[in-house]
Amino acid sequence: MTPGTDKEQDRASQGVYTEMGNRPTRLAWYQDMALGMYLYWTVDAPFGLVNAHSVIGASADYLRRYFTQLPACFDPRQFDAGWYARLAKLCGFDYVTVAAKNHNGFCMWDTATTDFNVMNTPYGKDILREYMDALRENDLPVGMYFSPDDAHFQWGRGKVPARAHDYANPEYNAELLAYDKAQIHELVERYQPDIFCFDGYRDATRSLVEYTWSLNREIMITRGGIITPEQERRAELRGPFEAHYTIGTQWQYKAGNDALKSGRELIELLIEIRSRGGALLLAVGGPDADGRLPRNMDDRVREIGLWNFVNGEATRGVRPWRAPHEGATYFTWDVEERAVYAFDTQQPLEMGEWRTITLKSVRATEGTEIEVLGQSGRVLEYQPDVDPKTRWRQDGDELRITFCRTQRLYNNRKWPNPLVLKITNAAEA
């Protein structure tokens, strides 16, 4: 295919960089998943600075010290891959994507292609292998992030590290292409990832996507195979897509000076993305320099985890409804159960408080039942005289649902996050 043709540009606009594409069975498998945990770090994490990008435009002295001194300081002795895997499983993450190689070229595995890797650090262990074993033990699909640019490769050949120059692009640099392929061969053959994410310019990854599929056609390729918006809401998108977001403002650990999204913001982000058939890949801001997840990030992950523990069925294994939302009510659709999930993102209800919503895209049938996920609908704590059962009626083209929050999830009987209605045997209005 000739670069620059209308057909290629159209496919590239959809995030597909090759004539090949993900197999339909793999796309369907991927679309069942709602939430991925992005464990994103590299050799400069001990400083808590932007991952890898500081080498672009850096002085010769900075580059020398970056590439020669930082590996000697990388020693995350408190890193426990099993802890991250258990956290992801507990909190309802459907898959985990880990950084194999960032733009700086530092490899987080035992590679024969370069000395700039985790084995030549005080830590001295194959972090990627530790991740893989722990995640597989917890039955979590494993994704790998890989950047083909490789500033260390450029620097070692007397080039100024760059990202947009031809020598930084494996499509125009045969030596770099062979080098990247050798690394991908190691990763695919040795670790057998389920998902691969290429972080490069459109015309920098075409051959690498095709090469990866030549090694294993069953690998699901996100960036390079489907569209992957980064830190931006794109209301026009419909799945499958993978939306990349951070909890704070940085992909890897940031040492202070950060502004974090609230748990509710992150949950609403997940709801919005799933209503349009996408998956949320969330960078959780760790591991940090010692290998731990910073407490403020851990708090956000566990808040999402509690919401998933109550409502996870509404985002996993579902597809978009005919309308992503009606005002502040968002929808997903379980095809097999013929169930619509309605996410109420209005101001949160306190325990014992009632609300009525009116839906126009959903119609109740004779077999319809409606419940608030996580609640029995039979008991309101300390109020035995109250019947808290959800009520509904179909008034022409409008379905009116009245419901009460009855489950205490926090001590103060307040909970800031959206509740979810399950409408079974639903039909389109």
Side-chain angles (χ1 to χ4, degrees), residues 30-41 78-99 130-143 145 194-195 197 222 242-248 250-253 258 260-275 278-288 291-318 330 332 341 343 345 348 373-375 407-411 415-420:
Y30 179 75
Q31 282 186 278
D32 281 344
M33 297 190 288
L35 181 62
M37 179 180 284
Y38 212 175
L39 293 172
Y40 202 103
W41 61 334
Q78 297 184 55
F79 174 67
D80 182 352
W83 183 89
Y84 283 97
R86 292 188 297 274
L87 179 71
K89 189 75 171 182
L90 170 69
C91 293
F93 287 78
D94 301 298
Y95 65 102
V96 177
T97 293
V98 299
E130 292 181 290
Y131 272 138
M132 286 292 174
D133 290 347
L135 292 167
R136 299 238 187 268
E137 185 177 331
N138 285 273
D139 297 318
L140 284 166
V142 183
Y145 164 97
D194 303 288
I195 300 168
C197 176
T222 54
E242 181 179 65
H244 295 191
Y245 277 88
T246 56
I247 291 179
Q250 191 158 284
W251 298 100
Q252 74 173 2
Y253 163 65
D258 208 357
L260 307 187
K261 300 174 184 68
S262 70
R264 182 182 174 99
E265 286 178 294
L266 296 167
I267 290 165
E268 288 186 347
L269 188 62
L270 171 63
I271 290 169
E272 179 188 336
I273 289 166
R274 287 306 281 163
S275 75
L280 170 60
L281 181 60
L282 183 65
V284 297
D288 65 10
R292 300 172 301 183
L293 186 63
R295 180 54 190 266
N296 55 1
M297 300 296 182
D298 184 278
D299 288 344
R300 301 305 196 277
V301 170
R302 291 181 190 276
E303 186 174 351
I304 294 169
L306 173 57
W307 187 88
N308 268 329
F309 191 71
V310 176
N311 301 299
E313 71 173 78
T315 61
R316 190 176 295 113
V318 295
Y330 286 77
T332 58
Y341 294 99
F343 303 79
T345 66
L373 289 186
Q375 301 182 177
Q407 189 175 28
R408 194 202 306 203
L409 296 168
Y410 283 170
N411 232 35
W415 197 50
N417 296 318
L419 56 72
V420 184

Report task. Take Asn311 and Tyr341 through the side-chain contact (heavy atoms from CB on, under 4.5 Å) test and state the conclusion after the steps. Result -> CA-CA 10 Å; Asn311 301 299; Tyr341 294 99; over 6 Å; no

Requested in this report: Mind running side-chain contact (heavy atoms from CB on, under 4.5 Å) on Val301 and Met37 for me, showing each step along the way?
Outcome: CA-CA 9 Å; Val301 170; Met37 179 180 284; 4.2 Å; yes

Query raised in the report: Is there a side-chain contact (heavy atoms from CB on, under 4.5 Å) between Leu419 and Gln407 once you walk through the steps?
Result: CA-CA 10 Å; Leu419 56 72; Gln407 189 175 28; over 6 Å; no

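Atom-to-atom distance recorded for Arg292:CZ and Asp80:CG is 12.5 Å, nearest 0.5 angstrom. Interatomic distance, Leu409 CG to Trp307 CH2, rounded to the nearest 0.5 Å: 12.5 Å. Taking NE2 from His244 and SG from Cys197, the interatomic distance works out to 4.5 Å, rounded to the nearest 0.5 Å. Interatomic distance, Leu39 CG to Leu135 CG, rounded to the nearest 0.5 Å: 7.5 Å. Note: Asn296 CG to Asp258 CG = 8.0 Å, rounded to the nearest 0.5 Å. A distance of 7.5 Å separates CG of Leu280 from CG of Leu266, quoted to the nearest 0.5 Å.
Not counting sequence neighbours, the partners of Tyr330 by the ring pair (Phe, Tyr, Trp, His ring centres under 6.0 Å) test are His325. Here Arg86 pairs with nothing under the side chain to side chain donor-acceptor pair (under 3.5 Å) rule; sequence neighbours left out. With sequence neighbours excluded, no residue satisfies ring pair (Phe, Tyr, Trp, His ring centres under 6.0 Å) with Phe93. Under the salt bridge (charged side-chain N to carboxylate O under 4.0 Å, His left out) criterion, Asp194 pairs with Arg136, not counting sequence neighbours. Partners of Gln252 according to the side chain to side chain donor-acceptor pair (under 3.5 Å) rule, which considers only residues two or more places apart in sequence or in another chain, are Asp44. Here Glu268 pairs with Arg264 under the salt bridge (charged side-chain N to carboxylate O under 4.0 Å, His left out) rule; sequence neighbours left out.
Leu35 places none of its side-chain heavy atoms less than 4.5 Å from the side chain of Arg316. For the pair Met297/Leu260, a side-chain contact is recorded, criterion being any heavy-atom separation below 4.5 Å from C-beta on. Side-chain contact between Met33 and Ile195 is present, with heavy atoms from C-beta onward closer than 4.5 Å. For the pair Ile271/Ile267, a side-chain contact is recorded, criterion being any heavy-atom separation below 4.5 Å from C-beta on. Between Leu282 and Ile247, some side-chain heavy-atom pair lies under the 4.5 Å cut-off. Thr246 places none of its side-chain heavy atoms less than 4.5 Å from the side chain of Tyr40. Phe343 is not listed as a side-chain neighbour of Arg274, based on a closest heavy-atom distance of 4.5 Å or more.
Nearest heavy-atom pair, Glu303 versus Pro416, reported as atom, atom and distance to 0.1 Å: OE2-CG, 4.1 Å. Residue Ser262 comes nearest to Glu265 through the heavy atom pair N-OE1, 2.7 Å, listed as atom of the first residue, atom of the second, then distance. Taking every heavy atom of both residues into account, Asn308 and Cys91 meet most closely at ND2-O, 3.0 Å. Minimum heavy-atom separation, Leu293 to Val284: CD1-O, 3.4 Å. Closest heavy-atom contact between Leu373 and Ala314: CD1-CB, 4.0 Å. The two residues Pro141 and Asp94 have their closest heavy-atom pair at CD-O, 3.1 Å.
The 12-atom threshold is not exceeded at CD of Glu137, counting heavy atoms of other residues, nucleotides or ligands nearer than 6.0 Å. More than 12 heavy atoms of other residues, nucleotides or ligands sit less than 6.0 Å from atom OH of Tyr410.
Between the side chains of Tyr84 and Tyr131, no donor-acceptor pair is found at a separation under 3.5 Å.
Taking the six-membered ring for Trp, Trp251 and Tyr145 have ring centres at least 6.0 Å apart.
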